[in-house]
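The block underneath contains the structure these notes are about, expressed in structure tokens.
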There are 2 protein chains.
Amino acid sequence: MVRMVDVAKQAGVSVKTVSRVLNNEPHVQEAMREKVRAAMDQLGYVPSASARSLRSHRSYTIMLLIHDIRSPFTNTVQFGALQACQELGYHLQLAMVGSETLEDRSKLERYFEKTLRAGKPDGLVLVPPMANHPVVADVMPSLGIATIRIGPNDVPDTDETATVTIDDTLASREMTKHLLSLGHRRIAFLRGKEDQDATQRRFEGYAQALSDAGVARDPSIILPGTFNFESGLASGEKLLAMKEPPTAVFAANDDMAAGVIMAAHRLGVDVPSQLSVAGFDDSEIAERTWPTITTIRQPLEEIGMAAIESLVAAAGGSAQPLRSKTLPFELLIRNSTAPVK
Amino acid sequence: MVRMVDVAKQAGVSVKTVSRVLNNEPHVQEAMREKVRAAMDQLGYVPSASARSLRSHRSYTIMLLIHDIRSPFTNTVQFGALQACQELGYHLQLAMVGSETLEDRSKLERYFEKTLRAGKPDGLVLVPPMANHPVVADVMPSLGIATIRIGPNDVPDTDETATVTIDDTLASREMTKHLLSLGHRRIAFLRGKEDQDATQRRFEGYAQALSDAGVARDPSIILPGTFNFESGLASGEKLLAMKEPPTAVFAANDDMAAGVIMAAHRLGVDVPSQLSVAGFDDSEIAERTWPTITTIRQPLEEIGMAAIESLVAAAGGSAQPLRSKTLPFELLIRNSTAPVK
DNA sequence: ATGAAAGCGCTAACAC
DNA sequence: GTGTTAGCGCTTTCAT
């Protein structure tokens with residue numbers, strides 16, 4: 001194994017200088033820097049991560065904390081995060097919190113204590129439903145780890161936490177306006193999980209757009225949901241069985257929208273001629289159903305990348321505080337929405 | 001921060017004894033062991049990962065090497081792997097190899113050198129298409145890292161590598177037999193990517209079943225593919241435009257099967273009454289299309305868990321060699337296959 | 001601007 | 001069965 005001393009010998013300098021070059025510290029002449037870099041390359045030097053972090057208390061590792069790893073949302077964020085990590089020379093480590101742990105405050109505390117102290121990540125990325133879970137929010141500050149939350153819109157920044165999101169309310173309003181512009185007046189709304197900020201935000205956008213258009217809200221076609229396919233299926237069946245069914249359904253995410261489409265298939269209702277369906281997120285499934293789903297694209301890959309970039313910037317000695325970012329969304333009109341008949 | 005000395009002091013023993021307890025080494029009296037454990041709990045001791053790995057050359061980290069992170073296949077394996085890691089006290093780290101890197105031997109070598117030397121994982125999990133990529137297979141042995149490949153059927157074990165899979169050929173034969181039993185004789189087959197072992201294996205099962213049933217193979221309805229939705233869509237459109245279209249399509253994975261179903265929708269062909277469609281993998285999409293897809297369930301979560309368990313067992317001092325495993329599959333008959341008319 | 005020395009927290013090697 | 005000591009490879013501190 002090639003050690004720092006070997007590089008130092010090869011370059012004819014002291015270890016400390018090599019260390020300075022490795023860490024991009026100032027106070028090294030450019031010529032020296034070059035010589036050291038050449039020696040590193042020549043010897044194929046790879047610094048020992050454990051030695052570095054033992055001494056410096058930095059791990060060059062970001063931890064992505066997930067709840068349901070199999071969600072395409074999380075998966076895409078992860079993809080972006082991983083790309084950014086590789087570019088910046090950081091490791092991406094995964095950790096998962098199960099439902100029971102999430103419910104139980106003391107369990108969660110113990111879990112964090114163990115996982116975070118052991119891994120000592122330089123930063124933490126939280127995705128929904130972790131991102132604005134009340135118990136998580138309670139426990140986090142005591143850990144003293146820079147954290148980016150993905151998703152929530154209304155959590156204030158602190159020195160140690162910030163958020164990366166889109167403007168859910170605005171996006172939802174635009175989608176609702178799209179449906180209104182097609183002539184729909186009886187538009188159902190499927191809520192998501194209530195412990196996720198997005199549910200309320202998206203509902204607000206829907207409510208605002210209706211109110212702007214002077215359309216009264218009908219509570220009987222605003223249904224609870226869980227963000228998953230089955231919940232959309234059940235709500236779809238319920239709505240279509242009504243005496244006066246809605247002409248459009250806006251689901252708070254694509255999985256539920258796909259469920260509504262499935263319900264329509266089952267009941268022989270044609271989408272979009274008899275029922276328009278809109279989703280949110282632009283998950284993979286939105287392009288794989290028949291018809292394909294009109295939705296809001298969240299730049300999830302970019303969100304993942306932005307999260308890592310913020311954390312790494314804050315971790316690097318410069319000690320700039322974390323900054324929240326709001327990224328742009330896009331209304332994607334596909335085949336599941338059409339003018340009302 | 002609580003250190004090992006603090007625990008030792010509290011328990012009234014030497015550091016080495018604490019270390020022995022931490023690592024479950026023998027030669028410690030049960031009473032001492034208990035005392036030490038109590039002290040650890042009481043002080044909230046969390047061992048320093050970096051110090052341990054600096055000294056012991058073990059990182060308690062498994063690396064999952066992925067190519068296309070957004071595939072549901074990989075995602076589910078990852079889910080199982082993460083569960084197993086948490087149970088066994090290991091960290092799961094992610095690394096990604098892009099397409100260009102995978103094509104270029106020297107790039108790949110440099111990538112591995114850098115990634116693996118830096119992270120020093122105790123084990124490596126490869127998923128398709130990494131798992132039996134020729135260049136990867138060439139480069140791996142020189143790295144001296146215990147590796148589990150997920151997917152390939154025909155790679156011999158070595159001391160350092162083993163595989164965890166299902167019997168693709170057998171599974172594919174059973175699916176083909178299912179279609180034959182429904183009266184289909186003109187069964188198309190959609191191949192996957194040719195650099196993946198599964199493509200050939202699954203084709204062989206199809207070929208065997210046809211041959212067992214005395215049905216001649218028609219090369220004009222055996223089409224190449226890439227395992228993705230678009231490729232299934234294109235093949236589906238091509239098959240349905242034939243003068244004598246097949247009565248059934250067996251796609252080498254679910255994404256392609258979903259594409260075929262989409263093609264049928266577009267062309268107004270009813271599935272399954274006019275065309276039966278079968279997939280492979282039991283991806284999430286297989287239950288979200290209309291109709292739902294008859295497929296082969298691979299126990300991907302269990303596969304991910306088994307991979308980690310093997311690696312951890314081999315990493316733990318016992319130094320037992322890696323062992324390959326073949327897990328059971330299951331034929332899931334859903335709504336996309338029906339008797340031929 | 002550069003270097004020498006101390007020591008991060010742990011385990012390997014060896015003593016008892 | 002248990003303890004002592006050295007040192008893993010690096011960065012920090014302090015000196016020059």
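Every value quoted in this text rests on a predicted model; they were computed, and no experiment measured them. Proteins come first, then strands; the chains are lettered A, B, ... in the order of their sequence lines, and each starts at number 1.
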So which protein N/O to nucleotides 4-8 of chain C N/O distances come out below 3.5 Å?
from	atom 1	to	atom 2	distance (Å)
C:dG7	N2	A:Arg55	NE	3.4
C:dG7	N2	A:Arg55	NH1	2.8
C:dG7	N3	A:Arg55	NH1	2.9

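Residue A:Val28 is classed as a sugar-phosphate contact, given heavy-atom separations below 4.0 Å to backbone atoms only. Counting any heavy atom pair closer than 4.0 Å across all strands shown, B:Pro26 reaches no nucleic acid atom.
For B:Lys16, the side chain to side chain contact (heavy atoms under 4.5 Å, CB included) partners two or more places apart in sequence, or in a different chain, are B:Ser14, B:Ser19, B:Arg20, B:Glu25. In terms of the side chain to side chain contact (heavy atoms under 4.5 Å, CB included) criterion, residue partners of B:Thr101 (sequence neighbours excluded) are, by chain and number, B:Val97, B:Lys107, B:Leu108, B:Tyr111. In terms of the salt bridge (Lys or Arg N to Asp or Glu O under 4.0 Å) criterion, A:Glu100 has no residue partners (sequence neighbours excluded).
Candidate nucleotides C:dA1, D:dT11, C:dT11 were compared by shortest atom distance to the side chain of B:Ser19, and C:dT11 ranks first. Set against C:dT11, C:dT2, D:dT11, the side chain of B:Ser56 has C:dT11 as its closest nucleotide. The side chain of B:His27 has D:dT2 as its nearest neighbour among C:dC10, C:dT2, D:dT2.
In this model, a side-chain donor or acceptor of B:Arg20 finds a partner on the base of D:dG3 within 3.5 Å.
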I'd like a table of donor-acceptor pairs (distance under 3.5 Å, sequence neighbours excluded) in which one partner is a side-chain atom from residues 121-133 of chain A, with atom names and distances.
from	atom 1	to	atom 2	distance (Å)
A:Asp122	OD1	A:Ser59	N	2.9
A:Asp122	OD1	A:Ser59	OG	3.3
A:Asp122	OD2	A:Ser59	N	3.3
A:Asp122	OD2	A:Tyr60	N	2.8
A:His133	ND1	A:Val135	N	3.2

Donor-acceptor contacts under 3.5 Å from residues 300-316 of chain A side chains, at least two apart:
from	atom 1	to	atom 2	distance (Å)
A:Glu301	OE1	B:Arg70	NH1	3.0
A:Ser310	OG	A:Ala306	O	3.3

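The nearest heavy atom of DNA chain C to A:Thr17 and to B:Arg52 marks one nucleotide each, and the one closer to the 5' end goes with A:Thr17. Each of A:Ser48 and B:Val13 has a nearest nucleotide on DNA chain D; the 5'-most of these lies closest to B:Val13.
Atom-to-atom, CG of B:Asp6 to C1' of C:dC10 comes out at 13 Å; the value is rounded to the nearest Å. In this entry the distance linking CG of A:Leu22 with C1' of D:dC10 reads 9 Å, nearest Å. What separates CD of A:Glu25 from P of C:dT2 is a distance of 13 Å, to the nearest Å.
Note on B:Tyr60: every side-chain N or O is 4.0 Å or more away from OP1 and OP2 of C:dC10.
Atom NZ of B:Lys120 has more than 12 neighbouring heavy atoms from other residues, nucleotides or ligands inside a 6.0 Å radius.
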Does the pair A:Arg110 and A:Glu113 meet the rule for a salt bridge (Lys or Arg N to Asp or Glu O under 4.0 Å), with working shown?
CA-CA 5 Å; A:Arg110 241 174 304 143; A:Glu113 183 68 21; over 6 Å; no
